[in-house]
Amino acid sequence: MQPISMVSQRARTALIHELGVVDAMRFLNQFHVGDEGYSVQREQMFKDDTVKSIVAKIKARRNSST
């Protein structure tokens with residue numbers, strides 16, 4: 001197993017090779033970490049939901065798209 005820094009470098013190199021510098025950077029920028037962590041954002045987003053209510057929403061959306 002390689003260190004994560006090596007894996008990251010290889011991934012960036014592969015992206016640049018396949019997509020070009022501009023599109024590789026555009027792709028990577030979508031994963032930019034904001035001011036708050038993902039956990040904080042997720043907690044705020046789903047603060048009024050339960051697992052059951054989230055599952056119900058997923059099922060409702062799936063049923064409405066078929």
(request) Check whether I4 and M1 end up in the same hydrophobic cluster, where Ile, Leu, Val, Met, Phe, Trp and Tyr are linked by side-chain heavy atoms less than 4.5 Å apart. (result)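 They do not share one cluster, since no chain of ILVMFWY contacts under 4.5 Å joins I4 to M1.
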(request) Would you kindly confirm whether M45 and V51 end up in one hydrophobic cluster when ILVMFWY residues are joined by side chain heavy atoms under 4.5 Å apart? (result)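 Per the 4.5 Å side-chain linkage, M45 and V51 are not co-clustered.
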(message) If you define the side chain from C-beta out and look only at heavy atoms, does anything of Q9 sit under 4.5 Å from R12?
(response)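 Counting from C-beta outward, Q9 and R12 do come under 4.5 Å.
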(request) Find out whether M25 and L28 are in side-chain contact, i.e. whether some heavy atom of one side chain is under 4.5 Å from a heavy atom of the other. (result)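 Sidechains of L28 and M25: in contact.
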(message) So, applying side chain to side chain contact (heavy atoms under 4.5 Å, CB included) with L19, which one of V22, I16, D23, V21 is it?
(response)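 Testing L19 for a side chain to side chain contact (heavy atoms under 4.5 Å, CB included) against V22, I16, D23, V21 leaves exactly one candidate, D23.
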